[in-house]
Peer 1: 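Shown below is the structure under consideration.
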Amino acid sequence: MVSTSDARLRVAVAGASGYAGGEFLRLAVAHPHLEIGTLTAHSNAGSRLGELQPHLRSLADRVLEPTTPEALAVHDVVVLGLPHGASGEIAAQLPDDVLVLDLGADHRLASTADWEAFYGSEHAGTWPYGLPELIVSDSSGSTTQRTRLAGARRLAMPGCNVTAVTLGLQPGIAAGLLDPTDLVAVLANGYSGAGKALKPHLLAAEGLGSAVPYAVGGTHRHIPEIIQNLRTAGAADVSISFTPTLVPMARGILATATARLAPAHRDADADAVRAVWERAYADEPFVDLLPAGQWPSTASTTGANTALVQVALDAAASRVVTVTALDNLAKGTAGQAVQAMNIALDLPESAGLPTEGVAP
């Protein structure tokens with residue numbers, strides 16, 4: 001148990017030169033209970049952080065070390081902002097009492113078959129899933145995933161797209177209002193979600209003024225994770241058509257997810273539908289159901305650990321429409337990691353986390 005009065009926990013960040021690692025550091029430097037320890041990188045080892053993350057002025061002179069278990073192990077918290085498939089080997093060599101936050105996908109999926117089918121490598125194992133707001137429905141009733149995070153020392157952070165779609169749909173799934181076998185999600189995604197690796201289709205000359213879909217036709221790696229979450233929320237079977245689209249913005253996800261009303265609820269009106277989402281998120285500090293008629297925008301979430309949600313009933317189509325906006329680097333990745341870390345360490349859940357966006 002960590003005292004919240006004067007504890008200063010040393011945190012190491014592997015992959016500090018990347019977008020996810022940099023975002024965690026942006027939040028960590030203002031966290032009242034964290035002290036920044038070792039920062040590591042792979043190809044950028046030996047560089048000063050200020051050369052790669054010039055916005056992190058207080059850490060600009062820090063020199064990035066090579067990523068090794070030895071460099072990371074002497075910390076209270078280790079953040080792994082590594083490419084998919086790279087976290088498992090490092091994590092396996094860290095002490096059991098160190099809190100390890102994996103920002104990659106290595107430990108998210110419970111199904112080894114799903115991992116091998118979508119990632120094509122050996123599964124590293126399954127860790128407690130770090131989406132505190134995930135609804136957990138079982139024979140004893142409904143609770144949230146945060147009850148499973150307290151005291152954990154290994155946490156798998158959700159995918160950013162997964163977070164947006166899950167938060168949009170799960171209230172209706174948990175309540176039995178929606179048909180989980182007829183789900184459609186279309187997302188507008190900022191380019192930072194693709195990471196910093198230099199690829200021709202991610203250049204500004206290719207992306208500016210253009211919107212382009214990717215991983216179309218059921219091939220996106222986040223699909224089994226979305227299905228896993230909605231089953232946790234209470235769905236017996238899930239079928240979802242998921243299409244992400246890159247749009248010319250640096251940060252943000254706008255997820256439009258729709259579902260047909262379940263047969264038992266075909267006569268539900270708009271007020272009854274909205275009431276389900278109101279009940280689900282009434283006490284959530286980082287998920288806001290907007291007033292009726294007000295729609296989420298990605299700009300409203302920039303830099304904040306906040307997801308903005310709206311729900312509407314398309315009565316003519318007998319479908320519920322949800323729209324969720326979040327910052328893919330904050331609530332979608334690093335902010336969520338800080339939130340889950342706080343719960344695991346018995347710190348105030350909101351410590352170090354902004355809820356106000358940056359505008360214009």
Side-chain angles (χ1 to χ4, degrees), residues 15 17-23 52 81-85 103-105 108 114 117-120 157-169 182-227 229 238-259 295-304 307-310 319 321-336 357-360:
S17 60
Y19 288 136
E23 184 71 356
L52 304 160
L82 303 176
H84 301 319
L103 305 188
R108 296 170 184 166
D114 282 346
F118 280 83
Y119 290 90
M157 292 304 107
C160 52
N161 295 315
V162 179
T163 298
V165 175
T166 299
L167 293 177
L169 289 174
D182 185 9
L183 307 176
V184 178
V186 179
L187 288 76
N189 305 72
Y191 272 73
S192 61
K196 270 191 173 180
L198 184 60
K199 300 176 183 178
H201 73 285
L202 301 179
L203 296 174
E206 302 290 334
L208 292 178
S210 179
V212 58
Y214 64 99
V216 179
T219 62
H220 197 284
R221 291 171 167 180
H222 285 175
I223 291 173
E225 192 181 341
I226 295 170
I227 293 173
N229 285 359
V238 180
S239 177
I240 184 167
S241 173
F242 174 87
T243 305
T245 303
L246 285 171
V247 299
M249 61 184 181
R251 291 173 177 251
I253 294 174
L254 188 71
T256 302
T258 75
W295 293 95
S297 68
T298 56
S300 300
T301 67
T302 300
L308 302 180
V309 180
Q310 185 56 279
R319 294 188 77 87
V321 181
T322 70
V323 179
T324 305
L326 54 79
D327 183 330
N328 59 292
L329 293 178
K331 182 56 179 164
T333 306
Q336 192 144 257
V358 178

Peer 1: Of all the heavy-atom pairs spanning Ala215 and Pro244, show the shortest one and how long it is.
Peer 2: O-CD, 4.1 Å
Peer 1: At their closest point, which heavy atom of Leu82 faces which heavy atom of Gly15, and how far apart are they?
Peer 2: CD2-N, 4.1 Å
Peer 1: Can you tell if the side chain of Thr245 reaches within under 4.5 Å of the side chain of Val212, non-hydrogen atoms only?
Peer 2: no
Peer 1: Grab the two heavy atoms, one from Gly252 and one from Met249, that are nearest each other, plus how far apart they are.
Peer 2: O-CE, 3.3 Å
Peer 1: I'd like to know if the side chain of Lys331 and the backbone of Ala304 have a donor-acceptor N/O pair within less than 3.5 Å.
Peer 2: no
Peer 1: Measuring from atom OG1 of Thr301 to atom CZ of Arg251, what distance do you get when rounded to the nearest 0.5 angstrom?
Peer 2: 9.5 Å
Peer 1: For residues 216-226, which residue pairs pass the salt bridge (Lys or Arg N to Asp or Glu O under 4.0 Å) check, not counting sequence neighbours?
Peer 2: Arg108-Glu225
Peer 1: Is there a side-chain contact between Leu254 and Leu187, using heavy atoms and a 4.5 Å cut-off?
Peer 2: no
Peer 1: Between His84 (side chain only) and Ala105 (backbone N and O only), is there a donor and an acceptor less than 3.5 Å apart?
Peer 2: yes
Peer 1: When rounded to the nearest 0.5 angstrom, what is the spacing between OG1 in Thr298 and CG in Asp327?
Peer 2: 9.0 Å
Peer 1: Do Ser239 and Asp182 have side-chain N/O donor and acceptor atoms under 3.5 Å apart?
Peer 2: no
Peer 1: Got a second to check how far Met157's CE is from Leu103's CG, nearest 0.5 Å?
Peer 2: 7.0 Å
Peer 1: Does a side-chain heavy-atom distance below 4.5 Å link Leu202 with Leu246?
Peer 2: yes
Peer 1: Checking Thr333 side chain against Asn328 main chain: does a donor-acceptor pair fall under 3.5 Å?
Peer 2: yes
Peer 1: Any idea which heavy atoms bring Trp295 and Val323 closest together, and the distance?
Peer 2: CZ3-CG2, 3.7 Å
Peer 1: Quick check: do Thr256 and Val321 have side-chain heavy atoms less than 4.5 Å from each other?
Peer 2: yes
Peer 1: Do you know the tightest heavy-atom contact between Ala325 and Pro296?
Peer 2: CB-CB, 3.6 Å
Peer 1: Which pair of non-hydrogen atoms, one from Gly207 and one from Pro248, has the smallest distance, and what is that distance?
Peer 2: O-CB, 3.6 Å
Peer 1: Any Lys/Arg nitrogen of Lys199 or Glu206 sitting under 4.0 Å from an Asp/Glu carboxylate oxygen of the other?
Peer 2: no
Peer 1: Please list, one pair per line, the donor and acceptor atoms closer than 3.5 Å that link side chains of residues 158-169 to other protein atoms, with sequence neighbours excluded.
Peer 2:
from	atom 1	to	atom 2	distance (Å)
Asn161	OD1	Asn189	ND2	2.5
Asn161	ND2	His222	ND1	3.3
Thr163	OG1	Gly159	O	3.0
Thr163	OG1	Gln336	NE2	3.1
Thr166	OG1	Val162	O	2.7
Thr166	OG1	Asn229	ND2	3.1

